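Everything numeric in this text was worked out from a predicted model, so none of it was measured. Every chain is numbered from 1 and lettered A, B, ... according to where its sequence line falls, protein lines coming before strand lines.
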Number of protein chains: 2
Amino acid sequence: MAVRPGLSVERLVRAGAELADEVGFAHVTVSELARRFDVKVASLYSHVRNSHDLKTRIALLALAELADRAADAVAGRAGRDALTAFADAYRTYAVEHPGRYDAARFPLDPETAAASAGPRHARMSRAVLRGYGLTEPAETHAVRLLGSVFHGFVSLETAGGFSHSAPPAEETWTWILDALDALLAAQPSPTRPDTTTTEADTA
Amino acid sequence: MAVRPGLSVERLVRAGAELADEVGFAHVTVSELARRFDVKVASLYSHVRNSHDLKTRIALLALAELADRAADAVAGRAGRDALTAFADAYRTYAVEHPGRYDAARFPLDPETAAASAGPRHARMSRAVLRGYGLTEPAETHAVRLLGSVFHGFVSLETAGGFSHSAPPAEETWTWILDALDALLAAQPSPTRPDTTTTEADTA
DNA sequence: GCATTTGCCTAAAGGTGTTAGGCAGATGCA
DNA sequence: TGCATCTGCCTAACACCTTTAGGCAAATGC
C-alpha cells in the first residue's frame, strides 16, 4: 500500500541489538522485530535466513562493537593502565548493553568465529599483557585468565549476583584489577628478573 | 490406557536435568519431557506450574548437587588444598553436567534464591578462604574473585573457547589456581605479617 | 513507458506453552 | 467385595513463534 518500510539486513540487525538490550538476547524474536518495523513476519525472511542467522549477525555486531571499544581503550596505554582501561571497556559495555553482551557469547560455528572480531579480542588481550613481559605459555594462560575473570565478573554482576551484599561491585572490581596487576607483575619474566614469585611456578 | 506412567515432580525434574545435559538447558522443553515419558504435554501441568517453574526446579537441583560436591571436596582440607579441591569440584561438575551447570545460572527470584543452595556456596567459598586469613572487605572481594574466575573459566571452556589453541585448558586451569593461591597468600593479613606483597595495595 | 526486479504480502503448516474440562484407573471406606 | 471419591492423564482449543511457497505491486533500468 503506502511506502515501503525499507528493511535491510543492517537495519534489522541494529534493531535486533537494541531489542536485545531491552528484553534480553534470549527473547529476541523474528516476530517481535517484524512488529517493530510494522511489517509481516515473513518479510524478514528476505533479509535474514532464519532466526539463528539473525542472532549470529547480532552476535557479530556485538563482538565488533566491543572490540572497537576495547581498542579505543587500550590505545596509547601500557601496563597497568592498559589493563584497567581494557577491563573497564568490557564491563562498561556489558552494563550499557547487556543484551548485546550476551549476544557476544552466542556460539558461532568455526568459520564464522574465525571471520568475527573474536581474534581481534585475543590479539588485544595479548597486547595488554605485553607490558608484563610474560613468556609462553604463561602469556596464553594469562590471556585465558583475563578472559575468565572479566567474563565471569561481568556475567555474575549483570545477573545481579553482587547486588545484595555489602561492598558495591565497583569496589570489588578495582580490588580485582589491583590483584591481577600484582599477579601479572609477579610472574617470572626474562626482562625483569623475578624477585617476588612465590610457588606460582611449581606445577 | 494401560498402566499410568507415574509422573511426579521429582521424576520430571530429574529427567529434565538429564535432558539439559543432553541437549542444553536452553532446549529443555515441556514438550520434549512429555515425549520422554510417553505422555501428553498437558499431563505435566498437574505436576509443574509451567515451563519456568520446571526450569527453576532444575536450577535448584543443580545448585544443590553442586553444593554437595563442593562440600565433599573441601571437607578435611585447608588452604591451597581446599582451594584446588573446591575449584575442581566446580569444573568437574560443569564438564560432566554442562546442562545442569547452565541451569545453576538460571535467574531465580530473591525468595527462591534465598531458599536455594546459593548461600551454601557463598559460605563454602568463605570457608576455603579462611585459610588465607583475609580481613574484610578483602574476603568478600576474594569470594567474588573466586566466583568470577571459576564461572568465567568454566563457561568459556564449555563454550569451546580454549579448544582451538595451544596449551590444553587443563594446564591453564592449574596455572590459574597456582596464581590465585599466590595472590591470596600475598594479601596483607593480621595473622601473617605481609612479606610478599607487591604493589597490590597501592591503589 | 514498459519489462524486470525486488520487497513485502497472504496462506499454510508445524512446534511450543498453557488452560479448561472430561474420563477412567487408583484409592478409601463400609 | 462394592461403591464413592479422588487423582492422574487425556482431549480440545487457543495463542504465539518459525519457516516456506507463491503472489502482487512498487521501484528500477533501459
Side-chain angles (χ1 to χ4, degrees), chain A residues 1-61 99-100 102-103 106-109 112, chain B residues 1-61 99-100 102-103 106-109 112:
Chain A
M1 294 97 187
V3 69
R4 293 193 183 183
L7 303 183
S8 73
V9 196
E10 292 72 26
R11 290 191 65 197
L12 287 177
V13 172
R14 271 200 302 272
E18 282 161 29
L19 178 57
D21 286 335
E22 291 172 33
V23 302
F25 184 63
H27 296 109
V28 169
T29 184
V30 183
S31 303
E32 178 58 30
L33 212 48
R35 227 170 277 130
R36 301 215 162 186
F37 278 97
D38 199 32
V39 137
K40 297 298 172 181
V41 189
S43 305
L44 301 205
Y45 284 81
S46 317
H47 302 273
V48 149
R49 242 204 324 280
N50 50 34
S51 179
H52 185 272
D53 180 36
L54 171 66
K55 288 182 180 164
T56 299
R57 288 173 191 274
I58 297 175
L60 292 176
L61 172 69
R100 286 159 144 100
D102 255 33
F106 188 67
L108 304 174
D109 47 295
T112 311
Chain B
M1 284 108 201
V3 69
R4 294 194 182 182
L7 302 184
S8 74
V9 196
E10 292 72 26
R11 290 192 65 199
L12 286 177
V13 172
R14 271 200 302 274
E18 283 161 27
L19 178 57
D21 286 335
E22 291 172 33
V23 304
F25 184 63
H27 296 109
V28 169
T29 184
V30 184
S31 303
E32 179 59 28
L33 211 48
R35 228 170 276 130
R36 301 217 163 185
F37 279 96
D38 199 30
V39 138
K40 297 298 171 180
V41 187
S43 305
L44 301 204
Y45 283 81
S46 317
H47 304 272
V48 149
R49 243 203 326 279
N50 50 35
S51 179
H52 185 272
D53 180 37
L54 171 66
K55 287 182 182 164
T56 299
R57 289 173 191 273
I58 297 175
L60 292 175
L61 172 69
R100 286 159 144 101
D102 254 33
F106 187 68
L108 304 174
D109 47 296
T112 311

Item to check | Smallest separation among heavy atoms of B:Leu44 and B:Val39, with atom names | outcome: CD2-CG1, 4.2 Å
Checklist entry - Just how far, in rounded Å, is P of C:dC8 from CZ of A:Arg36? => result 19 Å
Next on the checklist: Between the side chains of B:Glu10 and B:Arg14, is the shortest nitrogen-to-carboxylate-oxygen separation below 4.0 Å, so that they form an ion pair?
Outcome noted: no
Checklist outcome for this item: Smallest heavy-atom separation, A:Phe37 atom then A:Ala15 atom, equals CE1-CB, 3.5 Å
Checklist outcome for this item: When rounded to whole Å, the NE2 to C1' distance for the pair B:His52 and C:dG17 reads 14 Å
Checklist entry - Between D:dG8 atom C1' and B:Leu12 atom CG, what is the distance in whole Å? => result 12 Å
Next on the checklist: Counting only side-chain nitrogens and oxygens, does B:Ser31 get under 4.0 Å of the OP1 or OP2 atom of C:dG17?
Outcome noted: yes
Next on the checklist: Quick check on contacts: within residues 41-50 of chain A, what sits under 4.0 Å from DNA chain D by heavy-atom distance?
Outcome noted: A:Val41, A:Ala42, A:Tyr45, A:Asn50
Checklist entry - Expressed in angstrom and rounded to an integer, what is the separation of A:His27 atom NE2 from C:dG17 atom P? => result 12 Å
Item to check | Minimum-distance nucleotide to B:Val39 side chain [options: D:dC10, C:dG17, C:dT10] | outcome: D:dC10
Item to check | Euclidean distance, B:Arg35 CZ relative to B:Lys40 NZ, rounded to 0.5 Å | outcome: 10.5 Å
Checklist entry - Taking the side chain of A:Lys40 as its heavy atoms from C-beta onward, which of C:dT16, C:dC9, D:dT19 lies nearest to it? => result C:dC9
Checklist entry - Which heavy-atom pair separates B:Ser8 from B:His47 by the least distance, and what is that distance? => result CA-ND1, 3.8 Å
Next on the checklist: Any non-hydrogen side-chain atom of A:Ile58 less than 4.5 Å from a side-chain atom of A:Phe106?
Outcome noted: no
Checklist entry - How long is the line joining CG of B:Leu33 and P of D:dC9, in whole Å? => result 13 Å
Next on the checklist: Rounded to whole Å, please give me the gap between CD in B:Glu32 and C1' in C:dG14.
Outcome noted: 16 Å
